[in-house]
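Reading through the structure tokens given below for one structure.
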Amino acid sequence: MTGTDVQKEAEDSGPSGYAAARLRLLTEGTRSGPPRRAALADLTDEWLTGLFTAGAEGLRGASLVAVGGYGRGELSPRSDLDLLLLHDGGDTKAVAALADRLWYPVWDLGLDLDHSVRTPAEARKTAAEDLKAQLGLLDARHIAGDLGLTASLRTAVLADWRNQAPKRLPELQELCAERAERQGELQYLLEPDLKEARGGLRDATALRAVAASWLADAPREGLADARRRLLDVRDALHLTTGRATDRLALQEQDQVAAELGLLDADTLLRQVYEAARLVSYASDVTWREVGRVLRSRAGRPRLRAMLGGGKPPGERSPLAEGVVEQDGEVVLARAARPERDPVLPLRAAAAAAQAGLPLSLHAVRRLAATVRPVPTPWPAEAREQLVTLLGSGRPTIEVWEALEAEGLITRLLPDWERVRCRPQRNAVHLWTVDRHLIETAVRASEFTRRVSRPDLLLVAALLHDIGKGWPGDHSVAGEIIAKDVAARIGFDHHDVAVVATLVRHHLLLVDTATRRDLEDPATVRSVAEAVGSQGTLELLHALTEADALATGPAAWSSWRGSLVADLVKRVSAVLAGDAPDEPEEAAPTAEQERLALEAAATGSPVLSLRAQTEPSAGQEPSGEPEPLGVELLIAVPDQPGVLPAVAGVLAMHRLTVRTAELRSLNLPDGVDGSVLLLDWRVAAEYGSLPQAARLRSDLVRALDGSLDVAGRLAERDAAYPRRRGVVAPPARVSVHPAASRLATVIEVRSQDAPGLLFRIGRALEDAGVRVRSAHVSTLGANAVDAFYVTGPEGAPLPGDEAASVARKLEETLRG
């Protein structure tokens with residue numbers, strides 16, 4: 001059936017015919033994208049024209065006008081209809097009757113309707129008072145009735161908008177900024193709002209409004225295509241969900257991708273991110289131009305300059321060879337010759353970032369169109385300018401995005417293409433892979449005074465996750481890519497090896513510090529062997545912190561920093577040849593020793609709760625102390641079942657375990673017995689912390705068997721079932737036989753959940769193994785726990801027995 005046939009069916013059959021024709025149009029596979037949106041708008045126009053004609057018989061001076069998205073002819077499957085019934089103020093009773101004849105059929109079909117009935121004067125008055133109403137009227141389109149009435153309103157509204165632009169555009173910019181603050185940036189969100197988030201459809205519409213003001217215009221290249229892609233995704237979202245939603249939820253992304261014929265949800269997100277990035281960049285450039293124009297109109301520039309008010313507009317200040325500042329932007333000097341100077345893009349970018357100024361759109365486009373490729377290997381100046389750009393701190397981001405928008409980054413670093421706009425489906429990460437790499441370089445720029453080779457630190461920060469665009473372990477793939485990139489940009493063989501090592505082992509320090517027993521020489525030696533030198537260790541320490549800080553707030557804390565610093569100190573000693581051959585137990589604090597002696601004397605558990613806000617021992621304080629939660633210290637006479645008993649009691653009291661350490665403590669000479677020391681950081685899931693006496697009482701009962709912890713937790717889970725959410729990957733349990741000579745290391749990676757540590761501890765107890773020490777950490781929704789276990793006689797487990805324990809534990813956690 002052709003589009004004309006569909007429209008004829010709608011005209012002939014009234015509302016039911018329109019509904020059938022609409023359904024046919026939305027379900028036929030031959031049309032999608034702009035043709036379907038336009039056809040749906042045309043079909044709706046025909047239907048509404050029929051309703052208007054039937055209801056307006058004998059009425060003059062009235063017209064039906066589409067505004068907003070409908071006015072632009074961009075009807076998605078579940079879009080609402082934005083309609084204005086315009087009239088000249090004559091027969092108001094007939095106009096009211098006509099409105100009923102129009103609105104009720106729309107409602108009867110279950111379509112969302114945004115409607116109003118106004119005279120031209122009322123419409124202009126509303127627009128003057130309501131910016132959103134004015135924006136909608138800028139897209140007014142005649143549907144039926146008095147064409148002259150509609151045309152005169154359009155002319156008047158556009159004239160009003162252009163006359164009021166110096167006042168209304170700052171309001172519009174503020175509206176966009178407030179929306180971005182609420183909704184976030186579309187190009188980084190895992191569940192973005194296609195319309196409201198920054199870089200979404202609202203911002204694309206705002207750019208149209210700026211262009212209509214004749215005050216400034218957005219960069220046109222690619223903008224229409226980006227808008228089309230976002231609309232296509234919204235269409236598919238409406239069709240797959242059957243709802244008028246703009247939120248691209250995780251559980252719907254695979255269906256939406258399939259509807260669009262895309263490979264998978266990641267491909268979908270990447271296309272959304274690319275479109276949003278283009279809209280965001282166009283918005284930045286446009287609003288900067290609006291500000292420049294408004295400033296130039298704000299006063300009398302020549303007189304202001306004569307009176308000492310600053311440089312006259314247009315004056316150029318040199319920044320670097322071939323690069324100048326003009327009107328608050330970095331532009332190319334008149335004598336610059338990009339076609340003869342392949343380093344000019346990096347030099348201009350570095351100068352802009354160092355000055356904290358944006359690169360002008362014209363300059364970047366001229367560079368992209370004319371500059372020659374940088375020779376391979378890069379000349380020293382090119383490498384130095386790249387390092388300068390990366391070390392410029394926060395301004396680096398805007399400058400880098402300007403280069404990337406015109407394709408200059410992938411021409412300089414071809415491997416960048418694989419990570420560009422690549423999503424990271426991990427709630428801990430705030431950014432796409434490429435933005436995370438730049439954020440890491442920005443963070444690393446704060447640590448350049450801590451290392452002897454800041455250039456290697458900054459380049460490693462830029463490249464540390466470059467392998468995420470390739471299959472397999474991204475650290476292994478990244479090492480290969482980093483070698484190639486570092487050699488291409490002109491580092492010598494030694495420096496190339498250092499950068500490759502940093503990329504290969506960028507997770508080594510934090511993983512080891514939080515999941516391994518640092519008292520075990522095997523742990524420290526393995527890190528020393530991987531790192532190889534003091535200089536590389538120094539760089540890796542800084543890179544580790546920069547990477548974590550750039551990931552998100554859940555990835556770094558003073559506690560993690562102290563553990564990494566402790567590991568670095570131990571590895572440094574090994575590299576210097578000063579490490580002891582046998583483990584030395586860390587000396588207990590006075591508080592720990594007091595609790596241990598009391599536990600040994602009474603034969604019962606002893607505990608203390610205290611807020612932990614100061615940096616841990618060995619960590620330098622920086623600024624205000626960071627609240628770390630509540631430290632729970634427990635000393636218990638050594639006996640079976642301590643780990644599940646403590647974890648179970650904490651779960652009963654709805655205490656979340658952030659970190660946990662368990663170890664045996666040597667008592668002073670003359671004191672009989674052995675004591676287990678648990679140093680845990682906990683937080684109340686909600687409400688306030690329980691009293692220490694209550695915790696101790698329940699712990700005593702859990703240890704003597706009079707408190708059924710498992711039963712209590714099961715009752716609570718049955719009474720308060722957890723909400724459904726994203727299906728997490730199954731738990732994985734692995735054995736690391738070479739991680740320690742003194743014990744078998746069993747590592748558990750699982751979705752964090754209430755009672756998880758209790759289940760693990762009970763499973764290990766049931767397996768008949770003894771937990772010599774435990775190192776528990778949570779990162780966002782993920783738990784990564786390492787348990788050093790032995791057999792009853794205190795020796796590491798045989799290989800087959802260790803594998804059996806791990807397999808049973810994994811089955812328990814997956815059950």
Do the non-hydrogen side-chain atoms of [X] and [Y] ever get within less than 4.5 Å of each other?
X: D80; Y: Y70; value: no
X: L367; Y: L332; value: yes
X: Q164; Y: Q134; value: yes
X: R179; Y: K195; value: no

What about the rings of W161 and W214, do their centers lie closer together than 6.0 Å?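 No, they do not, as the ring centres are separated by 6.0 Å or more.
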Ion pair present between [X] and [Y], side-chain N to carboxylate O less than 4.0 angstrom?
X: D434; Y: R420; answer: no
X: R365; Y: E221; answer: yes
X: R288; Y: E398; answer: yes
X: E404; Y: R277; answer: yes
X: R316; Y: E325; answer: no

Looking only at side chains, do R435 and Q424 share a donor and an acceptor under 3.5 Å apart?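 No pair is found: no donor N or O on one side chain lies under 3.5 Å from an acceptor on the other.
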For S283 and D203, test the side chains for any donor-to-acceptor distance below 3.5 angstrom and give the result as yes or no.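 No - no donor-acceptor pair under 3.5 Å links their side chains.
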Within this structure, what is the CG-CD distance for the pair D266 and Q271, rounded to the nearest 0.5 Å?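 So the gap between those two atoms works out to 12.0 Å.
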Kindly say whether E191 contributes a backbone atom to a donor-acceptor pair with the side chain of R247 at under 3.5 angstrom?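 The answer is yes, because a donor-acceptor pair under 3.5 Å joins these two groups.
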Pair listing, salt bridge (charged side-chain N to carboxylate O under 4.0 Å, His left out) test, anchored in residues 141-166, at least two apart: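 Every pair satisfying salt bridge (charged side-chain N to carboxylate O under 4.0 Å, His left out) with a residue in residues 141-166: D45-R141, R124-D160.
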From CA spacing to verdict: salt bridge (charged side-chain N to carboxylate O under 4.0 Å, His left out), R228, D225: CA-CA 5 Å; R228 176 194 61 75; D225 186 57; 2.7 Å; yes
Once the angle between the rings of H115 and W107 is folded into 0 to 90°, is it parallel (under 30°), tilted (30 to 60°) or perpendicular (over 60°)?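 Judged by the thresholds at 30° and 60°, the geometry between H115 and W107 is perpendicular.
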